Amino acid sequence: MKSMTTEIPKQYDPAAAEAQWFHFWESKGYFNADPNPAKPSHVIMIPLPNVTGALHMGHALNGTLQDLLTRWRRMQGYEALWMPGTDHAGIATQSVVEKRMLEEEGQTRHDIGREALVKRIWKWKDEYEARILSQLKRIGASCDWRRVRFTLDEVCSRAVRQTFFKMFKDGLIFRGKRLVNWDTFLQTAVADDEVYEEEIDGHFWTFDYPVVDNAGQPTSERISFSTTRPETMLGDTAVCVHPTDERYTHLIGKHVRIPVNGRIIPIVADALLADKTLGTGCVKVTPAHDPNDYACWNRNKDLMGEPINILNTDGTLNERGGAWQGVDRLVARDAIVAEMERLGHFGKVEDRKIPLKHSDRSKTPVEPYLSEQWFVKMDTLAQSAIDAANDGRVTFYPERYRQSYLSWLGEKRDWCISRQLWWGHRIPVWSNSYDVSELNSIRETIEQSIQSGESCDPSRKISYHISAPEKGRFQVLICFADGNQTLEYAFEQLGFVRDPDVLDTWFSSGLWPHATLGWPDTTHNPPIVGQDPLKPTGKNEVLPYFYPGIVLVTSRDIITLWVARMVLTGLYNMGDVPFRHVCIHPKIQDGFGQTMSKSKGNGVDPIELIEKYGCDGMRFTIASFAGETQDVRLPVGYECPHCQGIVPQEQHHLKFKPGKPKIKCAKCKKESQYATPNYIPDEGEPVARVVIERFEYGRNFCNKLWNATRFAMLNLEGYSPGDVDSGSFAIEDKWILSRLATVTDEVTTLLGVYKFDAATRSLRDFVWNEFCDWYLEMLKPRLRDESLKPAAQRILVAVLDTTLRLLHPFTPFITEELWQRLNEIAPVRGIPASTQASAAIIIAPWPTGLDHWRDTALEARFYRLQELIVAVRNVRGTYNISPAVSVSISVRCTEDVAADLKQVQPQFELLAKAALTAAGAEVSRPNASASFSLGDADGYLPLEGLVDLQAEVARLRKEADKLRGFISGSEKKLTNQSFIDRAPAEVVVEVRETLAGQQKQLASIHEAIKQLSGC
RNA sequence: GGACGAUUAGCUCAGUUGGUUAGAGCGCCACGUUGACAUCGUGGAGGUCGUUGGUUCGAGUCCAAUAUCGUCCA
């Protein structure tokens, strides 16, 4: 047993502990959560990371907080489930894979086809999912790994299919037109977050259109407008002026003729689109190719007629282009300018910088393009989610984020759910069109098919919609519920074709909270890795036990995209919200205030920091960031591989440059390659690795904790468990127990409202500034005294035990390591009565019921002692007295303070290297002594030969000056009649008392100055 | 353009309902390797709280305006 204590190394080795204990926890099944009627459940659904790439520090923060909460609740006795998984992330992933394919093989998706592309993306997904999950494990994530899900897996797919079917049947899904960002190079729509804006050199042309009379003949008037895209005039459906623009009011309702194609279009008034103060005040309206124009068209549909699409998918003009059909839009642009000039409708042209949206994938300009899309009707769904936040079923932390959630939902804009991609959940709708004469026969065919086959309830397998006839034809849309492949095939034989589009990624991730629990399956529990075949339960016990969850932990940018969708789909499918709390945490930025992201190339891999600072050090630091207000800025550095000097990251280091740029160390002047997501360093080449010095905060804290425990263990020789009579507690025992009780209460409360930063500070201050700096120091003499040692050991072990448990959610690995070591030396511990400690800290109970230790009066008394000791140290510092030299001190003070002082007399030597010679009201000032005053206690240090009279007087005068400042502030208040009259009585009393104390203190200092100066 | 947040010590950040002349970590200065810890200890220097105006007996804290930065939505 004794050998154990001497083996403990001086420094904590994070890598060893991390490898050992993660495996231990997982193999013991401590992460697993299963329905258990004896316990309340606590559920957190991970904000599923995209499989596009590896995780960065933003994810590490998110994961750390969820793990912290999960471990905390688990210790509190909850059946704590943290559900892991990843998102297929439609366009993002497909685009990464396509890009790589193009770079490495020169192939596009059209070269290899849908099936082959999807197969490749699955391969990519497998690789990155594995990487992501292993990163999460490295940060200590105590997810129930048996339950890991993927949005395209069987379980999630069933939920998607069922939700779509239900919505289709309920009439919530419809087809509609919408402007999308069209990539003419890749010939696909791209999402808003896949485009970036870039200024290009362009032109700003001014033309005019002739106003025509009712017969379509030109009048003498013309109306001028300017544009950067003249070719779109082929698709104009109106020109627009401001309704109060006097230049044009007489023209509103009249028409103009487009000179290049002769089409007659109306002049409309729209206050939102036209701006009197800009240019001519008149604009052309091309709803099919401009979002603002499209919005205008929506407001003025009746006046304009249908939007006119002039483009083919490859960016050439279509049949609406007339003479320019088949010509690329940019070539046509110049031709049309020339034609307008020839016809005499050209005004002028000027050069201008034009902000233009580009596709992130092809780097080519995108065209706004009107196309057919699928939508979900949002009115009632959005309202249900609004109600849930308004009536408190869903609460936001911090509260202000409720606003962005509500205002976004309040718009109730229909949700466009189709994407022209191959990677994702394919829309389960088949369509075909028929001549009106076939209407009855096709309806009959469908009805007959529904009745056929062995499937039970016909209304649950098929839902169809027949459109209103147009030009003698109508369209039939059929949505099949999951598991009707035979019917799908049968209808394909009839010529029905499945929609090629896939669903928006958020459609599936929005179902995450209930889909992962097996919904809509009511007869089986969701599958679990390692439990095969499924245990036949006859019902799904997991879903009702774990739904609804408790808290969603995420960052603010997906409140609308994801949080709102989960709430409304949860209400729609389950009839209840998916979680009660939404905890919004800060975003991680680099040293320049830019949010960390893969595309910016400024992301830092948490693994790099874990290897440098230890997982617990990383976690503790990151938890200390997670407050309610600010985002977190992390200045990054590169550690020179030659001399370990730190080169601060500069912005140019983040920009992608071809080749392998080097970084130069300012210290040793050597160059080296550096770690960046932009390239892989050469094999065997020395690399400057990423460091973030702020993480030393957590690493140092862990080392401190390690050594405090090490100290305890080195002093546990001969430890025996046993009861400790609280009557025998020394003042420092009572103090540390009172502080421990207070901190336990604080941390518990703070975690409950997701104030991780404050909880972390509270713990650090307690461990470092109270437990280590004061308590352990004061305990040293007792641990050397054989008669006092047994009780001191028991209290020390008990305090340490509780402290480790409080820290476990923050720093799981080091606390488990120390707990296990403590279990070998002191398995039975606790005060006043001792009990057998838990076999692992991860399942140890969270500290509760310590309130009876709290004693604020005692804490105040102890604070007076600390002040005294600090004052002595201050004097020592001033005179530069060597720590080897002991001084003596006498204190003039009240008898209460004297009694406390005498109790801690032995520690004075250790804490201030001062021998307390006398304490009490009768103590007088010795000659040639330095002194200090605390108001109700004055200390004297005889420093024969050490005291420099002049220096001491100067020091005291400085003190006195400072006091006078305080005093005049207090006096000023008390002589202010309005203060006396209007301030609350207790505040006035407080100021009076403060003033009295300050005056007393000043008097003591004056006395000392008087004596020293001998007058 | 709208909404929200931030602006406090050289750096990164706390500061709960307005109440002594504002705190922490890092960095800096001085001293110190005393058997838990130099990833350490002790002491110290250093901010008037972006700017302007207002409310109040009293403002870092509340209100208004303004500047700058960040984020989301247009």
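All chains are named by letter (A, B, ...) in the order of the sequence lines, taking the proteins before the strands, and each is independently numbered beginning at 1. This is a predicted model, so every value here is computed, not measured.
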Give [X] one of three labels, base, sugar-phosphate or nothing, depending on what nucleic acid heavy atoms sit under 4.0 Å from its own.
X: A:Ser404; answer: nothing
X: A:Cys702; answer: nothing
X: A:Arg876; answer: nothing
X: A:Lys612; answer: nothing
X: A:Gly593; answer: sugar-phosphate

Can you tell me, in whole Å, how much space there is between the [atom1] of [N] and that of [M]?
N: B:U42; M: B:A24; atom1: P; value: 13 Å
N: B:G2; M: B:U61; atom1: C1'; value: 27 Å
N: B:U52; M: B:U68; atom1: C1'; value: 15 Å
N: B:G10; M: B:U33; atom1: P; value: 32 Å
N: B:A38; M: B:C26; atom1: P; value: 15 Å
N: B:A22; M: B:A45; atom1: P; value: 13 Å
N: B:A9; M: B:G15; atom1: P; value: 15 Å
N: B:A59; M: B:G18; atom1: P; value: 13 Å

Determine: side-chain N/O of [X] to OP1/OP2 of [N], distance under 4.0 Å, yes or no.
X: A:Asn707; N: B:C40; answer: no
X: A:Arg556; N: B:U71; answer: no
X: A:Gln11; N: B:C37; answer: no
X: A:Lys780; N: B:A36; answer: yes
X: A:Trp562; N: B:C72; answer: no
X: A:Lys704; N: B:G41; answer: yes

Check: Does the A:Asp270 side chain pair with the main chain of A:Leu273, one donor and one acceptor, at a distance under 3.5 Å?
Finding: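 Side chain of A:Asp270 to backbone of A:Leu273, a donor-acceptor pair under 3.5 Å: yes, one is there.
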
Next item on the list: May I ask you to decide if A:Gly593's main-chain N or O and A:Asp590's side chain share a donor-acceptor pair within less than 3.5 Å?
Entry: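 A pair under 3.5 Å: yes.
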
Watson-Crick/G-U partner (both atom distances under 3.5 Å) of [N]:
N: B:U42; result: B:A30
N: B:C62; result: B:G54
N: B:G23; result: B:C13
N: B:G35; result: none
N: B:G47; result: none
N: B:A3; result: B:U71

For [N], does the base pair up with any side-chain atom of [X] as donor and acceptor (N or O, under 3.5 Å, distance only)?
X: A:Lys10; N: B:C37; value: no
X: A:Gln998; N: B:U20; value: yes
X: A:Glu777; N: B:A36; value: yes

Nearest-Å distance for atom pair [atom1]/[atom2], residues [X] and [N]:
X: A:Leu783; N: B:G35; atom1: CG; atom2: P; result: 16 Å
X: A:Glu990; N: B:U20; atom1: CD; atom2: P; result: 7 Å
X: A:Lys962; N: B:G46; atom1: NZ; atom2: P; result: 11 Å
X: A:Gln589; N: B:U71; atom1: CD; atom2: C1'; result: 9 Å
X: A:Asn700; N: B:G41; atom1: CG; atom2: P; result: 9 Å
X: A:Trp706; N: B:C40; atom1: CH2; atom2: P; result: 16 Å

Checking [Y] against [X]: is there a side-chain donor and acceptor pair closer than 3.5 Å?
X: A:Asp275; Y: A:His242; result: no
X: A:Tyr613; Y: A:Glu696; result: no
X: A:Asp504; Y: A:Trp415; result: yes

The side chain of [X] is closest to which nucleotide in this list: [options]?
X: A:Thr595; options: B:G41, B:G19, B:G70; answer: B:G70
X: A:Pro883; options: B:A14, B:G32, B:A74; answer: B:G32
X: A:Leu776; options: B:G19, B:A36, B:U42; answer: B:A36
X: A:Trp768; options: B:C40, B:G5, B:U39; answer: B:C40
X: A:Leu714; options: B:A36, B:G19, B:C73; answer: B:A36

Margin query: Salt bridge check, A:Asp765 against A:Arg739: does any charged N sit closer than 4.0 Å to a carboxylate O?
Written below: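 No salt bridge links A:Arg739 with A:Asp765.
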
Item checked: Most 5' of A:Tyr12 and A:Tyr697 on RNA chain B, judged by nearest nucleotide ->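 Residue closer to the 5' terminus by nearest nucleotide: A:Tyr697.
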
Notebook entry, point to check: More 5' along RNA chain B: A:Gly877 or A:Lys973, using each one's nearest nucleotide?
Noted result: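 Residue closer to the 5' terminus by nearest nucleotide: A:Lys973.
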
Margin query: Using 30° and 60° as the class boundaries, would you call the ring planes of A:Tyr754 and A:Phe756 parallel, tilted or perpendicular?
Written below: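 It falls in the tilted class, 30° to 60°.
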
Next item on the list: For the residue pair A:Phe625 and A:Phe695, categorise the inter-ring angle as parallel (less than 30°), tilted (30 to 60°) or perpendicular (more than 60°).
Entry: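 Rings of A:Phe625 and A:Phe695: perpendicular, as their planes differ by over 60°.
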
